[in-house]
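Note that the structure is predicted; figures quoted are calculated from it, not measured. Here is the naming used below: chain letters follow the sequence lines, and residue numbers restart at 1 for every chain.
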Protein chains: 2
Amino acid sequence: MLRVNKKIEYGIIALLYLAQKEEQTASVREMAVSCSIPEALLSKIMQTMKSKGFVQPVYGNQGGYKLTRSLTDINLLEITQTFQGPIQVAECLSSENHKCPAKALCTIISPMTVLNQKIVTLFESTSLENLANRKTAI
Amino acid sequence: MLRVNKKIEYGIIALLYLAQKEEQTASVREMAVSCSIPEALLSKIMQTMKSKGFVQPVYGNQGGYKLTRSLTDINLLEITQTFQGPIQVAECLSSENHKCPAKALCTIISPMTVLNQKIVTLFESTSLENLANRKTAI
DNA sequence: TCTTATAAGACTAATCTAGTCCAATAACTT
DNA sequence: AAGTTATTGGACTAGATTAGTCTTATAAGA
Ligand code: SF4
Ligand code: SF4
């Protein structure tokens, strides 16, 4: 399936929503209702995005979150890495390479690495601004 | 993570192995040992590949499987579809669109569709021959 | 008939996903 | 100061997927 998970999608939708509100804050409830996203889940997602510096919280009444970065500055790779870890089309690629039994004799590590890089590049070069305008960069 | 599953990888490795044996058959055991792939699992994988017409079984002593198609003719998309279903970077894309709560108001279906198509094209235009030569086509 | 294979099905443990629920804390309003 | 609105952080869950295993049946050459 090669799916991006829901946190990534909901996270992006929320960031696009915030961008459209410009400097104003939007509460989790407002975003959840406006975008039909489960509120408790979106709350978790926003916490993660806060910790990564995409948004800034505002406590108390009339509080919520606001964007701290421009959409043109945030790319899809950062978001997916935040919620799904590094893109690795095969488990042995990148960082700790687990325990694939076929590794020693594997004939496809090298092409898988190339394929992986293609996908990484595609994600990296697609900003949220690109997404908002319904296009990918490459 | 965006990972391709093990069946896909093991399946490709097995097909490359068969190709290298040219017209000869190779048994599941031989392939499993030669490639360090769990035998019972590879057996399952080969059954699926037989049902999709990638290989042909030969029963009995000295039996095994042989390739029925050229590596240049098999692309990565077919293999992934065989073992992981259609590529859909978001669950709502393609065929039966499940039940995403955000669907009615979703701001990213359209760009996700474009992104999905990019990945499909990348997979589709990469033949196993390309993989064996350590490159992707696009 | 024996042996070597594939065929097919049921079964499993571990992991990931998409959530929920609850108690705590921060800060604005009145 | 109290009440209200919000974020925070933790634990918890059902269901799906993954990566296997095991067992029995069947095909066919020697
Ligand atoms: S070693 Fe080969 S089969 Fe194993 S995860 Fe890496 S690329 Fe895939
Ligand atoms: S969030 Fe949007 S793109 Fe993702 S599955 Fe739901 S409707 Fe489709």
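A:Y65 has a side-chain polar atom (N or O) that falls below the 4.0 Å cut-off from OP1 or OP2 of D:dT8. At C:dA7, one or more side-chain N or O atoms of B:K50 fall inside 4.0 Å of OP1 or OP2 (strictly under the cut-off). Put simply, A:Y10 has a side-chain N or O that comes within less than 4.0 Å of OP1 or OP2 on C:dG19. Taking only side-chain nitrogens and oxygens, A:R29 never comes nearer than 4.0 Å to OP1 or OP2 of D:dT4. In this model, the phosphate group of C:dT15 is not approached by any side-chain N or O of B:R3 to a distance below 4.0 Å at OP1 or OP2. In terms of phosphate contacts, B:Q84 brings a side-chain nitrogen or oxygen within less than 4.0 Å of OP1 or OP2 of D:dT18.
Picking from C:dA18, C:dA7, D:dA19 the nucleotide with the shortest atom distance to the side chain of B:P57 gives C:dA7. Among the nucleotides D:dT8, D:dT21, D:dA27, the one closest to any side-chain atom of A:Y59 is D:dT8. For A:K6, whose side chain is taken as the heavy atoms from C-beta onward, the closest listed nucleotide among C:dG19, D:dA19, C:dT6 is C:dG19. Closest to the side chain of B:V28, from the set C:dT6, D:dA19, C:dA8, is C:dT6. For A:Q47, the listed nucleotide lying nearest its side chain is D:dT8; candidates were C:dA8, D:dT8, D:dT21. In this structure, of C:dT20, D:dA6, D:dT21, it is D:dT21 that holds the atom nearest to the side chain of B:L41.
As a whole-Å value, the separation of A:Q56 CD from D:dA6 P is 18 Å.
For the pair A:N5 and A:Q62, nearest-nucleotide mapping onto DNA chain C gives the more 5' position to A:N5. Heavy-atom nearest nucleotides on DNA chain C were determined for B:P101 and for B:M31, and the one closer to the 5' end corresponds to B:M31.
Heavy-atom minimum distance, B:D73 versus B:E78: O-OE2, 3.6 Å.
Looking only at atom types and distance, the side chain of A:N116 has no donor-acceptor partner in the side chain of A:T113 under 3.5 Å away. Side-chain N/O atoms of A:Y17 and A:S34 include a donor and acceptor closer than 3.5 Å.
Using a 4.0 Å heavy-atom criterion, one finds that B:S43 contacts no nucleic acid atom at all.
Between the side chain of B:K44 and the base of C:dG9 there is at least one donor-acceptor pair of N/O atoms closer than 3.5 Å.
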Could you walk me through whether B:Q24 and B:K66 pass side-chain contact (heavy atoms from CB on, under 4.5 Å), step by step? CA-CA 7 Å; B:Q24 297 168 59; B:K66 53 179 165 182; over 6 Å; no

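Looking at B:Q88 and A:L2, their side chains never come closer than 4.5 Å, going by heavy atoms from C-beta outward.
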